[in-house]
Amino acid sequence: MSFDIERARAQTPGCTERIHFNACGAALMPTPVVDALKQHIDLEARMGGYEAADAAAQQTESTYSAIARMLGCHSNEIAVVENATRGWDMVFYAMPFKRGDRILTCTAEYGSNYIAYLQMARRTGAIIEAIPDDDRGQVDVDALRELIDEHVKLISITHVPTNGGLVNPAAEIGALARQHGIPFLLDACQSAGQMPLDVSELQVDMLSATSRKFLRGPRGMGFVYVREAMIERLEPPFLDNHAATWISRSAFHVREDARRFENWECNVAAKIALGVAVDYALDWGLEAIEARVTALADALRARLDALGGVRVRDRGRRRCGIVSFTVADEAPERVVRALCERGIHASVSRVTSTRLDMQGRGLDALVRAGVHYYNTEEEVERFVAALDDIMRGN
Ligand SMILES: *Cc1c(COP(=O)(O)O)cnc(C)c1O
């Protein structure tokens, strides 16, 4: 598959100055996204925020249809919120748990989600259980099958963890969940924008994602998908004038679509720009993006493996654009700082973000490099050469 890398880089201003391997933190925005942001802010400056929002109402609506196209769902099943966590929270905290209910999650679960389980368990007596991994470090679907009984009220996992290249077998998990009528919530923060996500194929009931990572959208935006049949079963933990209507002194009516999980005030420029980012990704094609991202990440893993003293830490059968590693006798923080001094961006992922996984592997922190399609093989070489240089004490 040929990829017009020149066009991708020409439309990515950040490419020229730095080697940005931090798409899993916040990717570089492409020019059309930056332009959309700036244009709406200019409009607000000229017209005022409310008037600008009215004038751009159609563009805001396009964001819903773009996300729906990407996920293979309807626009009314999408809520656009300020980040992925808040979208995830709005559906998770809407679920009624009672003592003895079981929540099944994965060892790669994201910290914020796990904190919510702990709070819910403390409040209600629900039980949190991690599905064991198979020998490759991904969710063991056979083990999940064994765990399922009538007390399981939610299966909630992270698709691609924040700390590595693993891609959990979400579609197989979704098939099991659907077969048993158990709601399935997928944290797709790190997978959105780097691989195709189809809600029918994944058989998810709820899915959350963020704008700024592999989707290359602006910061401060996220969204959540809720399958139509689930929406009316989930009353959001917070309601406002947008999520509900005050219809009499003592009554309100919660809206019927997924926008019941939103709140009224939002960053309109970022909301429009998120839609532009999604369309931009669809334009490249998510299969093509995944092929290129995976090839770059595999190349980086191979080159790192060949460096003595570096240990690649990615798990799973299917791997994606996040490459995690540790360096013998070097703290990840120091490695990332030294890379940054050389104009190369990676990040540190700590035990507090994915405690079950990291603690299980005896890891406190690791270096995380997230490559995107605008990166090049030459940048991979320069990354590895810089790391080699750092390890030699230069
Ligand atoms: C980054 C991340 C989140 C949080 O996304 P926000 O938009 O910052 O709320 C959730 N889950 C995973 C796996 C992540 O990597």
Side-chain angles (χ1 to χ4, degrees), residues 21-27 29 63 67 78-93 105-118 130 137-139 156-170 173 184-195 197 202 204 206-225 261-263 266-267 270-271 273-274 277-278 293 297 313-316 319-324 345-358 365-372:
F21 283 6
N22 199 13
C24 46
M29 287 187 284
T63 296
I67 297 169
I78 299 297
V80 179
V81 290
E82 55 267 46
N83 54 60
T85 303
R86 199 35 44 91
W88 187 99
D89 284 342
M90 289 298 275
V91 300
F92 174 73
Y93 284 97
T105 185
C106 61
T107 62
E109 188 61 327
Y110 188 64
S112 300
N113 304 347
Y114 208 89
I115 287 170
Y117 304 144
L118 289 170
Q138 62 183 29
V139 168
S156 174
I157 68 148
T158 294
H159 195 196
V160 168
T162 203
N163 67 332
L166 161 76
V167 185
N168 263 321
I173 295 166
F184 178 33
L185 168 56
L186 186 67
D187 177 338
C189 250
Q190 295 289 6
S191 49
Q194 68 158 320
M195 62 185 67
L197 290 176
L202 296 167
V204 290
M206 299 153 292
L207 175 151
S208 59
T210 202
S211 154
R212 73 182 182 281
K213 296 180 180 173
F214 286 91
L215 273 174
R216 310 184 65 192
R219 296 200 60 177
M221 274 286 133
F223 59 87
V224 61
Y225 154 82
F261 302 105
E262 298 180 342
N263 50 80
C266 75
N267 183 339
K271 192 164 177 173
L274 165 59
V278 171
V293 167
R313 299 287 188 165
D314 298 323
R315 315 183 84 196
R319 291 180 185 179
C320 65
I322 306 179
V323 178
S324 62
H345 297 172
S347 50
V348 179
S349 195
R350 295 187 178 80
V351 61
T352 46
S353 292
T354 43
R355 181 170 287 285
L356 298 188
D357 168 51
M358 297 281 275
L366 40 73
V367 183
R368 184 180 72 152
V371 296
H372 217 324

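Throughout, residue positions are numbered sequentially from 1 according to the sequence presented. As the structure is a computational prediction, the values presented were derived from the model and not from experiment. Both ligands and their constituent atoms are indexed starting at 1 by order of listing.
The shortest distance between side-chain heavy atoms of Phe214 and Ile322 falls below 4.5 Å. Side-chain contact check for Asn168 versus Leu166: some heavy-atom pair is nearer than 4.5 Å.
Remark: distances from the non-hydrogen atoms of Met221 to ligand 1 are all 4.0 Å or more. Residue Arg86 places no heavy atom under 4.0 Å from ligand 1.
Between the Arg319 side chain and the Val167 main chain, no donor and acceptor come within less than 3.5 Å of each other. Side chain of Asp187 to backbone of Cys189: a donor-acceptor contact under 3.5 angstrom is found.
Under 4.0 Å from ligand 1, the heavy atoms of Asp187 that appear belong solely to its side chain. Residue contacts with ligand 1 for Cys189 involve side-chain atoms from C-beta outward but no N, CA, C or O (heavy atoms, distance under 4.0 Å).
For ligand 1, the atoms lying closer than 4.0 Å to a non-hydrogen atom of Thr158 are 13 (C). Those atoms of ligand 1 with a heavy atom of Ala84 less than 4.0 angstrom away are 5 (O), 6 (P), 7 (O), 9 (O). Within the listing of ligand 1, atoms 6 (P), 7 (O), 9 (O) sit less than 4.0 angstrom from a heavy atom of Asn83.
Counting only N and O atoms by type, the side chains of Ser347 and Arg368 include a donor and acceptor under 3.5 Å apart.
Looking from atom 8 (O) of ligand 1 to the surrounding protein, the closest heavy atom is Arg212 NH2, 3.0 Å. Counting protein heavy atoms only, atom 9 (O) of ligand 1 is closest to Thr85 OG1, 2.5 Å.
Taking the six-membered ring where the residue is Trp, the centroids of Trp88 and Tyr114 are separated by 6.0 Å or more.
By the side chain to side chain donor-acceptor pair (under 3.5 Å) test, Asn163 pairs with Thr354, Asp357, sequence neighbours left out.
Compare Glu82, Gln190, Lys213 by their heavy atoms: the one nearest to atom 2 (C) of ligand 1 is in Lys213.
Geometrically, ligand 1 and Tyr110 share no nitrogen or oxygen pair separated by less than 3.5 Å.
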